[in-house]
Amino acid sequence: MSQKLRQEQILHILQERGYVTVRYLTQALHYSSATINRDLNAMQTLGLVKRTYGGVEALDRNHFFPLPQRQLYMKKEKRRNAHAAAELIRNGDTVFLDGSTSVQYIAPFLAEKRDLRVITNNLRLAIELGEYDVDVICLGGALEERPHIVGGDDAVEQVLHYRADKMFFSIGYVTADGNVSKGSLLHRVMRKNAREVYLLTNKSKLVEHLDEIFCDFSALTGVISDFEFPEETKKAFPDTEFICVSEKEKSIP
């Protein structure tokens with residue numbers, strides 16, 4: 001695992017927990033304390049974290065790891081995953097797209113679709129899709145994550161009125177044995193109201209265990225990733241399609 005990827009995973013962990021010990025990070029990421037400490041020192045120099053005795057904490061848990069910063073992480077992998085997701089969308093589909101940066105990369109790959117309806121809580125994605133021949137419904141509600149992700153009760157109430165052919169989302173973390181970390185109520189309603197559900201994930205979201213579980217892979221039609229899941233995981237979820245796109249980069253226009 002590269003230093004950049006380790007640091008991205010550390011940021012994800014801190015976003016959820018706020019504070020962790022070096023020992024926790026060594027166990028979660030399977031690296032020595034010396035390696036983790038070097039990463040943390042470098043991250044503190046960049047102003048990303050605050051070192052404490054024996055651990056590290058987010059500078060501001062409520063506003064840590066901001067959305068514009070996440071859009072730059074794993075950009076190539078997210079774009080490949082989004083391209084694979086777009087290939088699953090057919091003309092005439094109604095599609096739920098969540099507010100994640102992973103799903104946001106799908107916009108240019110929908111330019112040639114026809115009679116497509118997209119329902120999303122991502123204001124930026126809605127604006128991008130507005131440049132194409134796509135029927136866009138942007139859910140209203142509170143500005144949940146600046147500068148362009150809406151959510152809350154109003155968004156949930158609105159999405160209850162729609163049914164979709166497909167849903168594409170990306171949240172938190174996954175484990176190699178097929179569990180997905182906690183999601184919002186909006187994610188739960190979208191999942192319930194969609195005929196097919198696809199998760200987009202990448203190596204930075206892979207962890208050993210989860211404290212809270214949103215669902216396991218049996219609730220998903222497919223998992224789109226930049227890495228291969230173990231064969232035993234695929235056998236445990238025979239009705240779930242596993243799409244690995246790590247070798248498809250050259251096919252992206």
Side-chain angles (χ1 to χ4, degrees), residues 78-141 144 148-151 154-172 174 178 180 183-202 205 214-226 229 234 237-245 248 251-253:
K78 290 176 181 178
R79 189 167 182 268
R80 290 203 303 258
N81 286 351
H83 181 251
E87 291 182 326
L88 298 170
I89 297 174
R90 302 289 177 256
N91 291 337
D93 275 351
T94 294
V95 182
F96 289 143
L97 300 179
D98 82 340
S100 66
T101 59
S102 296
V103 171
Q104 186 172 302
Y105 280 94
I106 202 172
F109 303 122
L110 301 182
E112 303 302 319
K113 304 293 182 181
R114 294 292 175 263
D115 301 318
L116 183 67
R117 169 181 281 191
V118 169
I119 301 163
T120 183
N121 63 315
N122 186 326
L123 297 172
R124 177 174 171 177
L125 178 58
I127 292 171
E128 288 186 62
L129 291 174
E131 299 178 6
Y132 310 126
D133 187 20
V134 176
D135 180 16
V136 183
I137 297 172
C138 189
L139 301 172
E144 193 168 69
H148 51 253
I149 305 301
V150 298
D154 289 338
V156 170
E157 185 174 344
Q158 289 175 43
V159 83
L160 283 168
H161 298 288
Y162 296 102
R163 297 292 183 272
D165 298 291
K166 299 177 178 74
M167 171 192 177
F168 296 90
F169 75 109
S170 181
I171 53 176
V174 298
V180 182
S184 67
L185 179 58
L186 185 63
H187 282 113
R188 293 183 183 278
V189 175
M190 283 183 170
R191 192 186 78 186
K192 180 179 179 181
N193 288 5
R195 184 167 52 84
E196 298 178 8
V197 180
Y198 293 89
L199 170 71
L200 282 66
T201 192
N202 59 64
K205 295 175 182 262
F214 174 62
C215 66
D216 65 26
F217 288 175
S218 65
L220 307 177
T221 306
V223 180
I224 302 171
S225 65
D226 66 333
F229 281 89
K234 296 178 181 179
F237 302 99
D239 296 325
T240 302
E241 182 180 10
F242 289 84
I243 304 171
C244 177
V245 295
K248 293 185 178 182
S251 68
I252 299 178

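All values reported here derive from a predicted model rather than from experimental measurement.
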Worksheet entry | Ring geometry between H83 and F109 (parallel below 30°, tilted from 30 to 60°, perpendicular above 60°) | perpendicular

Worksheet item: Is there side-chain contact between Q104 and E128, with at least one heavy-atom pair below 4.5 Å?
Response: yes

Worksheet item: Under 4.5 Å between any side-chain heavy atoms of M190 and Y162, yes or no?
Response: no

Worksheet item: Does the side chain of H187 come within less than 4.5 Å of M167's, by heavy atoms?
Response: yes

Item to complete: Check whether any side-chain N or O of N81 sits under 3.5 Å from a backbone N or O of T201 as a donor-acceptor pair, and report yes or no.
Response: yes

Discussion item. Using modelled atom types and a 3.5 Å cut-off, is there a donor and acceptor pairing between side-chain atoms of D165 and backbone atoms of T94?
Written reply: yes

Discussion item. The test is side chain to side chain donor-acceptor pair (under 3.5 Å); show your working for T120 and N122 and say whether it passes.
Written reply: CA-CA 5 Å; T120 183; N122 186 326; 5.4 Å; no

Worksheet item: Mind checking whether L220 and F237 have side chains closer than 4.5 Å, heavy atoms only?
Response: no

Practice prompt. Check for a donor-acceptor pair, side chain of N121 on one end and backbone N or O of L139 on the other, with a separation under 3.5 Å.
Written response: no

Worksheet item: Roughly how far, to the nearest 0.5 Å, is the OH atom of Y198 from the OG1 atom of T240?
Response: 10.0 Å

Worksheet item: Can you tell me if D93 uses its side chain to pair, donor with acceptor, with the backbone of L116 under 3.5 Å?
Response: no

Fill in: Reported OG-to-OH distance for the pair S100 and Y105, which is rounded to 0.5 angstrom
11.0 Å

